[in-house]
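Below is one structure; the comments refer to it alone.
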Amino acid sequence: MSVAVEVIKDYEKQPSFHLESKKEFRQCVYRLCFSSTVINCRKYVGFTAKYGQILNAIIPEHQAQKNKYIALINNNTAIKALRNDYIAHVQSSFFFYPFLHFFSLYNLEDRIDFIYYSSWSSHFKSLHITI
């Protein structure tokens with residue numbers, strides 16, 4: 001799950017990434033990384049559900065930490081909503097009209113705060129990404 005964060009960090013270090021001419025590219029990088037994070041969170045839960053017994057047998061010392069992450073992801077309704085309604089599926093009629101409402105700047109900032117419990121959100125929010 002850390003790959004998306006590392007990609008953003010690497011791009012952010014490049015001065016050319018902040019040029020006005022790169023605005024759309026920058027927006028695409030953030031969308032891709034944000035979507036990747038949401039998908040990877042749900043994939044982690046699916047993987048541990050399918051292979052949990054094997055993982056617990058091989059590395060029982062990590063069971064408590066694994067369960068903690070599963071609970072954090074499962075209890076985070078924003079991750080589930082983003083995956084189900086925008087990134088992986090379109091299950092909610094809310095997103096058909098008006099579709100872009102979900103990713104208006106202020107709504108996106110609220111979702112980022114909710115997903116990351118405000119602890120990582122300042123970096124995303126400081127970009128003022130227009131979607």
Side-chain angles (χ1 to χ4, degrees):
M1 287 186 270
S2 64
V3 171
V5 175
E6 292 302 316
V7 167
I8 290 173
K9 285 180 183 179
D10 288 344
Y11 272 114
E12 284 292 329
K13 290 177 188 174
Q14 300 174 18
S16 63
F17 189 61
H18 299 276
L19 296 174
E20 186 63 29
S21 62
K22 296 282 188 171
K23 184 177 180 179
E24 288 180 2
F25 176 74
R26 192 167 181 233
Q27 179 180 349
C28 291
V29 168
Y30 269 83
R31 278 185 178 178
L32 180 64
C33 291
F34 189 68
S35 297
S36 175
T37 301
V38 171
I39 290 170
N40 286 332
C41 284
R42 295 307 310 164
K43 287 288 189 182
Y44 177 79
V45 171
F47 176 81
T48 56
K50 186 170 183 176
Y51 299 105
Q53 289 181 331
I54 295 169
L55 291 171
N56 292 339
I58 296 171
I59 48 171
E61 66 274 13
H62 294 290
Q63 184 174 359
Q65 191 67 34
K66 175 184 61 100
N67 292 339
K68 178 183 172 184
Y69 286 129
I70 291 168
L72 282 171
I73 294 167
N74 282 336
N75 293 332
N76 191 320
T77 57
I79 290 175
K80 183 178 180 182
L82 278 168
R83 179 192 172 270
N84 289 347
D85 296 323
Y86 178 74
I87 294 171
H89 308 285
V90 179
Q91 296 178 351
S92 172
S93 61
F94 171 78
F95 298 105
F96 290 113
Y97 180 80
F99 181 76
L100 293 179
H101 172 75
F102 185 68
F103 274 109
S104 69
L105 177 60
Y106 300 108
N107 192 291
L108 178 59
E109 288 181 357
D110 290 343
R111 292 292 178 169
I112 289 169
D113 274 344
F114 192 66
I115 287 173
Y116 295 116
Y117 302 106
S118 298
S119 59
W120 300 340
S121 65
S122 62
H123 186 68
F124 282 98
K125 289 173 67 176
S126 68
L127 297 173
H128 299 290
I129 302 168
T130 304
I131 296 180

hydrophobic_cluster_shared for [Y] and [X], side chain cutoff 4.5 Å:
X: Ile8; Y: Val3; result: yes
X: Phe47; Y: Ile58; result: yes
X: Tyr69; Y: Ile59; result: no

Assess whether atom [atom1] of [X] is packed by more than 12 heavy atoms of other residues, nucleotides or ligands within 6.0 Å.
X: Lys66; atom1: NZ; value: yes
X: Glu61; atom1: CD; value: yes
X: Glu24; atom1: CD; value: no

(message) Tell me whether Lys9 is salt-bridged to Glu12, with the criterion being a basic N under 4.0 Å from an acidic carboxylate O.
(response) no

(message) Which residue in the set Val38, Val45, Asn40 passes side-chain contact (heavy atoms from CB on, under 4.5 Å) when paired with Ile73?
(response)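 Testing Ile73 for a side-chain contact (heavy atoms from CB on, under 4.5 Å) against Val38, Val45, Asn40 leaves exactly one candidate, Val45.
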
(message) Can a donor-acceptor pair be found, under 3.5 Å and without considering hydrogens, that links the side chain of Asn76 to the backbone of Leu72?
(response) no

(request) Mark yes or no for whether Ser35, through its side chain, and Leu32, through its backbone, hold a donor-acceptor pair below 3.5 Å. (result)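 Checked: no pair found.
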
Interatomic spacing from [atom1] in [X] to [atom2] in [Y] - rounded to 0.5 Å:
X: Cys33; Y: Glu6; atom1: SG; atom2: CD; value: 10.5 Å
X: Arg26; Y: Ser16; atom1: CZ; atom2: OG; value: 11.0 Å
X: Ile54; Y: Thr48; atom1: CD1; atom2: OG1; value: 12.0 Å
X: Lys22; Y: Gln27; atom1: NZ; atom2: CD; value: 14.5 Å

(message) Do Asn74 and Arg42 have side chains that approach each other closer than 4.5 Å (heavy atoms only, starting at C-beta)?
(response)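 SC-SC contact between Asn74 and Arg42 confirmed.
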
(message) Just so I know, are the side chains of Gln63 and Leu55 near enough to count as touching, which here means a heavy-atom distance under 4.5 Å?
(response)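 SC-SC contact between Gln63 and Leu55 ruled out.
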
(message) Looking at every non-hydrogen atom in both residues, tell me the closest pair between Ala57 and Pro60 and how far apart they are.
(response) O-CD, 3.8 Å

(request) Describe, in one word, how the ring planes of Tyr30 and Phe17 are oriented to each other, choosing from parallel (under 30°), tilted (30 to 60°) and perpendicular (over 60°). (result)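 Geometry flag for Phe17 against Tyr30: parallel rings.
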
